[in-house]
Amino acid sequence: MSLSLLNATLKNYKMSINIGVDSIQEHLQAVCIESVAQLYGETFESSKVPVSDTRKEYEGDYTVVVFPFVKVAKKKPEDCAAELGALIKEKSPFVSDFNVVKGFLNLSIDQSFWFSKLKEINEDSDYGQHASTGETMLVEFASPNTNKPLHLGHIRNILLGWSVSKILKAAGNDVKNVQIVNDRGIAICRSMLAWQKFGNGETPESTGMKGDHFVGKYYVKFAQEFKKEYSDWQLSDQAEKTYQEKKKGEISKEDFFKEYKNNYFNDFSALGAEAKEMLIKWEDSDPEVRALWTKMNAWVLAGFEVTYESLKVDFDKLYFESDTYLLGKEIIEKGIEDKIFQQEDKRVLVDLENIGFGNKTIIKSDGTSTYTSQDIGTANLRYKDYGAKGMIYVVGDEQNSHFKSLFEIMRRLGAPYADGLHHLSYGMVDLPTGRMKSREGTVVDADDLIKETIGEARNNAKEHGELEGATEEEKEALYNKVGLGALKYFILKVNPQRRMVFNPAASVDMQGDTGPYIQNAYVRIQSILRKAVAEGVSLTFNYENLLPAEKDLIVLMNAYPSIILKAAKNYDPSEVAAFSYDLAKSYHKFYHDCSILRAETEDAKSFRIDLSKAVAKLLLHSMDLLGIEMMERM
RNA sequence: GGUCCCGUAGCUCAGUUGGAUAGAGCAACUGACUUCUAAUCAGUAGGUCGCAGGUUCGAAUCCUGCCGGGAUCACCA
């Protein structure tokens, strides 16, 4: 079939059956259902007729499993498949051949389809970008506390949020990136107090420290001083008395005091009392405390900004808990009126028995807000700001039940966006030695980690030496891309909901299933394209016989738009990561098997250059969805 | 104890709405750079898919029970 004829046929199909022919699977499915109906008089739902990729060992491109039809056909699976295959081949202009193995009908697609697909990919400047859905979605991620620097857990959060945001955009949504900065509360007061008592007026500028690390230093300082105070206290009569009165069963003094720490902070600690006093002053808008708070928060936020920049992420809007923690009151009052919430004096609560939670407090008996009331208020504020029907919260899975109850409450309140709320829950990041513990100093700092992976990229690059003539600056930019590519890919290739093990040594690996492996495929293509331009290759496009390695690439690229949709639906960047890797792997194989610039014929050469261009385009696009940059050489 | 999540090769992970002989990478071993960038490719070896039942033409996938690991059960955020 000629190209123009094929294109005409494609158009006809788009008009005659209302399916996007960019999905050849959907087309085959429709034809299959039609054929089954014609042969056996029963119309199957499309969900009952899966069309899957044919396994490598067999001839063909797509496979239909005919077992479901056997009952109505009243024939042996083999006969049924053969009969069906013949009819599908007759009906579909794309099916060139078929074969039957047991109950599996393998369909071969005419290679002119693949040629036209390649043409489409190269000509469509937006290939992969879906038409606008008209929906606005918010993605909330990062959302740090302002009392200490970011760590590995935040990195997973940030990379996930950024990538999901990109994927949702590619799926046709209008997306805004937001975060809620947890800038108030007892934690920041601890840092503030420690700085006031022990800081001697030093600043990030005077010490040359990054602001978040500087404030984090005082958070640690507070913990140390508190620990000292607590150990001293444990020797006092008051401690002895407390132990005798409060202990339950036979518990050693040591174990008792381990668990009693928070109570000590609240009931006896001098430092605790001071920190709490500071919090109360903050809430009363005491000018001195507020000034200190403003100053220290500014230091931290400036530090975070540097980390975000080094990760190449940014936000459309920052919400501050200090602004939003009092919100939600009106909605809650309305909820009381509507009998959605119950009131007991000042306390407000909601009965969540139906989702297995019992009573949940929304407003405390002293009339102050809770996490839940804040989130109700914040969600509503965001809806006012953006009119977004979709709100994605990228938050660790330890908060699963909080979001489950929050969403249930929003549903009961009849929020117009209630159905669009989604908690993108992800698992904790463990180290090979186990869980990260700040007390044991095993927390992996975000900035250190970024620096390390870039350093590793620098070491690796020195062994390769393809960068003659590049300036130091260009080289550094490259190490940056390679290092970050390794780190980001390492984290994003894992399914979010899964708890993952972060092996520092493996994360800077650059061979095999890694970011740099994929970047390398792109670099190889760029190198070829530079040479092709230099040689003045013209694209003739009269290629006749697709080799398997060539067809594999087009088959993969054909699936890209639907992979984006699926990743968007599941909020799962790992599906995009898997695509990038598969495509890079297939390209590396093709590159090895087939000469490009020294191809057998001029037609083969121009076809392969065209094919390489398409691969480069989708590698660039898909890696961009992961927030990973590509480069011209490495 | 209640609720939820997880258990696949030595390690880290894939595995579509149930489909063919369960796949990658790392680590180990073997081979390929006078040839478009070897950060590559080809190969060898490595599995009782936690265990036991059940449903089905067909189960890593669905159901039940058990074992093991984790999260969470606040008027904290």
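As a basis for the values below, the full set of heavy atoms in this structure was taken, side chains included, without hydrogen atoms, waters or symmetry mates.
Aromatic ring centres of Y219(A) and F222(A): separated by at least 6.0 Å. In summary, the aromatic rings of W282(A) and Y325(A) are positioned with their centroids under 6.0 Å apart. Aromatic pair F490(A)/F502(A): centroids less than 6.0 angstrom apart.
Within 4.0 Å (heavy atoms only), R499(A) reaches sugar-phosphate atoms of the nucleic acid but no base atom. Residue-level contact check: V65(A) touches the bases, meaning some heavy atom is under 4.0 Å from a base atom. E632(A) comes within 4.0 angstrom of a base, heavy atoms only. Here V523(A) lies in heavy-atom contact (under 4.0 Å) with a base. Among the heavy atoms of the strands lying under 4.0 Å from S369(A) are primed sugar atoms or P, OP1, OP2 only; no base atom is included. Base contact: R633(A) has a heavy atom under 4.0 Å from a base atom. Heavy atoms of N145(A) sit nowhere under 4.0 angstrom from any nucleic acid atom. Within the nucleic acid shown, M500(A) comes within 4.0 Å of sugar-phosphate atoms alone, with no base atom in reach, counting heavy atoms only. Counting any heavy atom pair closer than 4.0 Å across all strands shown, F490(A) reaches no nucleic acid atom. In this structure, S401(A) reaches the sugar-phosphate backbone alone: every heavy-atom distance under 4.0 Å involves primed, P, OP1 or OP2 atoms, never a base. Counting non-hydrogen atoms under 4.0 angstrom, T514(A) reaches nothing in the nucleic acid. Among the heavy atoms of the strands, none lies under 4.0 Å from V70(A). When heavy atoms are screened at a 4.0 angstrom cut-off, N520(A) is found touching the sugar-phosphate backbone but no base atom. Residue E57(A) is classed as having no contact, given no heavy-atom separation below 4.0 Å to the nucleic acid.
When the nucleotides A14(B), G25(B), G19(B) are ranked by their closest atom to the side chain of N495(A), A14(B) comes out on top. The side chain of N460(A) sits closest to A39(B) out of C36(B), A14(B), A39(B). Comparing atom distances between the V494(A) side chain and each of A20(B), A14(B), U72(B) picks out A14(B) as nearest. Considering only the side chain of K585(A), G25(B) comes nearest among G25(B), A39(B), A77(B). Side-chain atoms of R498(A) lie closest to A14(B) of the nucleotides A14(B), U37(B), U17(B). Taking every side-chain heavy atom of I528(A) into account, U37(B) is the closest of C41(B), U37(B), C26(B). With U37(B), U40(B), A14(B) as the choices, the nucleotide that has an atom nearest any side-chain atom of Y591(A) turns out to be U37(B).
In this structure, M510(A) atom CE and A38(B) atom P are separated by 18 Å, rounded to whole Å. The distance from atom CD1 of I355(A) to atom C1' of C73(B) is 13 Å, rounded to the nearest whole Å. If you take OH of Y517(A) and P of A24(B), they are 12 Å apart, rounded to a whole angstrom. Here the P atom of nucleotide A39(B) and the CG atom of D513(A) are 17 Å apart, to the nearest Å. Taking atom CE of M631(A) as the reference point, atom P of A39(B) lies 13 Å away to the nearest angstrom. At whole-Å resolution of the value, CE in M630(A) and P in U37(B) are 17 Å apart. Atoms CD (Q374(A)) and C1' (C75(B)) sit 13 Å apart, rounded to a whole Å. Remark: P of A74(B) and CZ of R347(A) are 11 Å apart, rounded to the nearest angstrom.
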Practice problem: Could you go through the salt bridge (Lys or Arg N to Asp or Glu O under 4.0 Å) check for R55(A) and E57(A) one step at a time? | Solution: CA-CA 6 Å; R55(A) 293 180 68 108; E57(A) 317 85 88; 3.2 Å; yes
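Dashed line: the shortest gap from a side-chain N or O of R530(A) to OP1 or OP2 of U37(B) is not under 4.0 Å. Considering only side-chain N and O atoms, K360(A) lies nowhere under 4.0 angstrom from the phosphate OP1 or OP2 of C73(B). Contact annotation: R524(A) reaches the phosphate of A38(B) (side-chain N/O to OP1 or OP2, under 4.0 Å). An OP1 or OP2 oxygen of A14(B) is reached within less than 4.0 angstrom by no side-chain nitrogen or oxygen of K493(A).
Comparing the same atom, C1', in U48(B) and in C67(B) gives a spacing of 16 Å after rounding to whole Å. Taking atom P in both C6(B) and G15(B), one finds a spacing of 12 Å when rounded to whole Å. Taking atom C1' in both U8(B) and G46(B), one finds a spacing of 14 Å when rounded to whole Å. Spacing of P atoms, G47(B) relative to A22(B), comes out at 13 Å, to the nearest Å. A59(B) and C51(B) have their C1' atoms separated by 16 Å, with the value rounded to a whole Å. With both ends at atom P, the span from G10(B) to C49(B) equals 12 Å, rounded to whole Å. On the P atoms, G18(B) is 11 Å away from C63(B), given to the nearest whole Å. Atom P of C75(B) sits at a distance of 48 Å from the matching atom of U56(B), rounded to the whole Å.
A side chain to side chain contact (heavy atoms under 4.5 Å, CB included) with C189(A) is found for one member of N147(A), I280(A), L279(A) and no other, namely L279(A).
Mapping Y371(A) and Q497(A) onto RNA chain B by nearest heavy atom places Q497(A) closer to the 5' end of the strand. Sequence order on RNA chain B of the closest nucleotides to A457(A) and K71(A) puts A457(A) first from the 5' end.
When atom types are taken as modelled, the side chain of N157(A) and the backbone of A142(A) share a donor-acceptor pair closer than 3.5 angstrom.
A20(B) has Y58(A) stacked on its base ring, the centres lying under 5.5 angstrom apart and the planes within 30 degrees of parallel. F67(A) qualifies as a stacking partner of the G19(B) base, centre to centre under 5.5 Å and near-parallel within 30°. A stacking contact links F104(A) to A20(B): the aromatic ring centre lies within less than 5.5 Å of the base's six-membered ring centre, and the planes differ by less than 30°.
Below the 3.5 angstrom threshold, one finds no donor paired with an acceptor across the side chain of T361(A) and the base of A74(B). Donor-acceptor pairing under 3.5 Å, judged by distance alone, is present between the side chain of N106(A) and the base of A20(B). Between the base of C75(B) and the side chain of S365(A) there is a donor-acceptor pair shorter than 3.5 Å.
At a threshold of 4.0 Å, the pair K481(A)-E632(A) does not count as salt-bridged, since none of the basic side-chain nitrogens sits closer than that to a carboxylate oxygen. Salt-bridge annotation for D430(A) and R499(A): present, with a side-chain N of the basic residue lying under 4.0 Å from a carboxylate O of the acidic one.
Between D351(A) and Q342(A), the closest heavy-atom pair is N-OE1, 3.7 Å.
C57(B): Watson-Crick or G-U partner is G19(B), with both key distances under 3.5 Å.
Within 6.0 Å of CD on E600(A) lie more than 12 heavy atoms contributed by other residues, nucleotides or ligands.
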